[in-house]
Protein chains: 2
Amino acid sequence: MRNYKRSPLMEERLAANRQRILDAARTLVARGGLREAQIGAVAAEAGLSSGAIYRYFPSKAELFVDVLTEAVRQEIEILDAIAAGPGTATQRLTLAVESFVRRALRGPNLAYAFIAEPAEAEVDAARIRCRMMFGDVFKRLLKEGIAAGEFPAQNVDASAACIVGAYTEALVGPIAPATRSTRSQDRLIESVRDFCVRAVGVSAPITPTARTRKSAAKG
Amino acid sequence: MRNYKRSPLMEERLAANRQRILDAARTLVARGGLREAQIGAVAAEAGLSSGAIYRYFPSKAELFVDVLTEAVRQEIEILDAIAAGPGTATQRLTLAVESFVRRALRGPNLAYAFIAEPAEAEVDAARIRCRMMFGDVFKRLLKEGIAAGEFPAQNVDASAACIVGAYTEALVGPIAPATRSTRSQDRLIESVRDFCVRAVGVSAPITPTARTRKSAAKG
DNA sequence: CATATTTGTGAAGCACAATTCACTTTTTGA
DNA sequence: TCAAAAAGTGAATTGTGCTTCACAAATATG
């Protein structure tokens, strides 16, 4: 028995286990935050023993960096698609913020829980990188809008960070927990979206169903 | 020896110790975040033994709730003074954001480190309350501005939260660490300030030395 | 000054949760 | 079917840092 080789079936099962661990971790974080997502709990949720986790991930920190990375990658893809899509920069910015906030509120998407929550240094570092990635999407959008004359000149680094900060706070801060009904969620989404759009200096405020109106007179 | 009474001198020394503990904790947090501020370190910094801490505070959590509360109270006082002061709502908002960001960047004021950092549930709860207190100051300002016709109607709860989130992110997020020179700090302060002012819907953007200009034409 | 009371000390105790490891079960290859 | 290899188990180990506590030092009272 020199040459041990995993059968394709086994290979698959292992990959499935790994994914189940990631999913379990994600679920627990979405449910109760990183605080609740202990190795034991993750293992139980995944239907494995705590020891088994360490066959798949070298440490708790690395596990959660992976969870975070995966969750954020999905979000970034969506944001990127919107940013690269059709329409004016204003329209795309509007859509990007709205879509992010809506998805976050819907949960258990948890990218948002991750952006905001604390953890061991290693995970923390990954979180900062992720916030930066989100910021970069907006930064690009801002540059385009400024070039197109839609937005006034501004410090795009700062504005991008402010946008990320603004909707994060609105999502995980004191406001969100009180926001339960679909009705009030919609209101929150609109409010945050409009806040961000105004913040980058769009002169004609956007109304619920946004369309470009070059000729719009301002009050 | 039935009726033991502390001499005034002793009373004073105890109060001084208590304050020294609070200061030590504050210093350590400002220096290395909550992560570094362990009971042992706080005790050493205060020139006491770890056991002594527990003569003054029932637990680490309560100690840090007190530290946080004290730090935030100072900030709120300043913000409140600005909010209640003279000038249009726009001017006061401008000044409030600018002043907060400037003070935070100056450090070791650490109110900001506290707003953003994680901790045990108890401290976390206090942090949320504090963010709400900051939000409330802006909320009032927004209401006034709307009443005065300076800002368009908007969800003041959401906008206030967004403002707090925006400058917090700009301060503790990815941007701030790179911001070292006074020059670039000034730029950051201006950028964040302008972002927030535009965000609430002031039609005429504010320039470094702000003045109201009703008639400003747009490009 | 003698004694009760409070304050200060810091090593020991404790709780909690990550990680390891001796062992069992399962899979693989002959 | 059997032995080597790998995967899985979960109780024991470990590390970390808050909290306690038996004792010492200081302070107050008679």
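We name chains A, B, ... by the order of the sequence lines, and we start the count at 1 in each one. In this text, all values refer to a predicted model and were calculated from it rather than measured experimentally.
- Of the charged side-chain nitrogens involved, at least one lies within less than 4.0 Å of a carboxylate oxygen, so that A:Arg131 and B:Glu169 count as a salt-bridged pair.
- Every side-chain contact (heavy atoms from CB on, under 4.5 Å) that A:Tyr56 has, sequence neighbours left out, goes to A:Leu14, A:Asn17, A:Arg18, A:Ile21.
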#### Entry: Stepwise ring pair (Phe, Tyr, Trp, His ring centres under 6.0 Å) test for A:Phe100 and A:Phe134
CA-CA 10 Å; A:Phe100 186 93; A:Phe134 284 122; 5.2 Å; yes
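- The nearest whole Å value for the distance from the CG atom in A:Asn17 to the P atom in C:dT27 is 11 Å.
- A salt bridge links A:Arg103 with A:Glu75: the distance from a Lys NZ or Arg NE/NH1/NH2 to an Asp or Glu carboxylate oxygen falls below 4.0 Å.
- In this structure, A:Phe57 reaches neither bases nor backbone, as no heavy-atom distance under 4.0 Å exists between it and the strands shown.
- Here the C1' atom of nucleotide D:dA25 and the CZ atom of B:Arg13 are 11 Å apart, to the nearest Å.
- Look at CG on A:Leu14: it is 18 Å from P on D:dA5, rounded to the nearest Å.
- The distance between atom NZ of B:Lys60 and atom C1' of D:dT20, rounded to the nearest whole Å, is 17 Å.
- Both B:Ser7 and B:Ser59 sit near DNA chain D, but only B:Ser59 has its closest nucleotide nearer the 5' end.
- When each of D:dG8, D:dA28, D:dA6 is scored by its nearest atom to the side-chain atoms of A:Tyr56, the top-ranked nucleotide is D:dG8.
- B:Leu48 comes within 4.0 angstrom of the backbone, heavy atoms only, and of no base.
- Distance, A:Arg18 CZ to D:dA6 P: 19 Å, rounded to whole Å.
- Distance CG (B:Leu34) to P (D:dG17): 13 Å, rounded to an integer number of Å.
- Considering only residues two or more places apart in sequence or on other chains, A:Glu70 meets the side-chain hydrogen bond (donor to acceptor under 3.5 Å, both in side chains) condition with none of them.
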### Reading 5' to 3' through nucleotides 20-25 of chain C, protein heavy-atom contacts under 4.0 Å coded B for base, S for sugar-phosphate only, - for none
B-----
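- Between the CD1 atom of A:Ile53 and the C1' atom of D:dG10 there is a distance of 13 Å, given to the nearest Å.
- Every side-chain hydrogen bond (donor to acceptor under 3.5 Å, both in side chains) that A:Glu144 has, sequence neighbours left out, goes to A:Arg92.
- Proximity of A:Asn3 to the phosphate of D:dA4: no side-chain N or O atom is located under 4.0 Å from OP1 or OP2.
- Rounded to whole Å, atom P of C:dT6 lies 18 Å from atom CG of B:Leu9.
- Ion pair B:Asp80/B:Arg140 flagged as a salt bridge, since at least one NZ, NE, NH1 or NH2 atom sits closer than 4.0 Å to an Asp/Glu carboxylate oxygen.
- Between B:Lys5 and D:dA28 there is no side-chain polar atom (N or O) within less than 4.0 angstrom of OP1 or OP2.
- Aromatic pair A:Phe195/A:Tyr167: ring centres not closer than 6.0 Å.
- Out of D:dG8, C:dT28, D:dA28, the shortest distance to the side chain of B:Tyr4 is found at D:dA28.
- At a non-hydrogen distance threshold of 4.0 Å, A:Gln38, A:Ile39 from residues 37-45 of chain A come into contact with DNA chain C.
- Side chains of A:Gln185 and A:Arg102: a donor-acceptor N/O pair is absent below 3.5 angstrom, by distance only.
- A close approach under 4.0 Å does not occur between any side-chain nitrogen or oxygen of B:Ser49 and OP1 or OP2 of C:dG10.
- Applying the side-chain hydrogen bond (donor to acceptor under 3.5 Å, both in side chains) criterion to A:Ser99, with sequence neighbours excluded, gives no partner residue.
- In the set D:dG10, C:dT9, D:dA28, D:dA28 carries the atom at the smallest distance from any side-chain atom of B:Met10.
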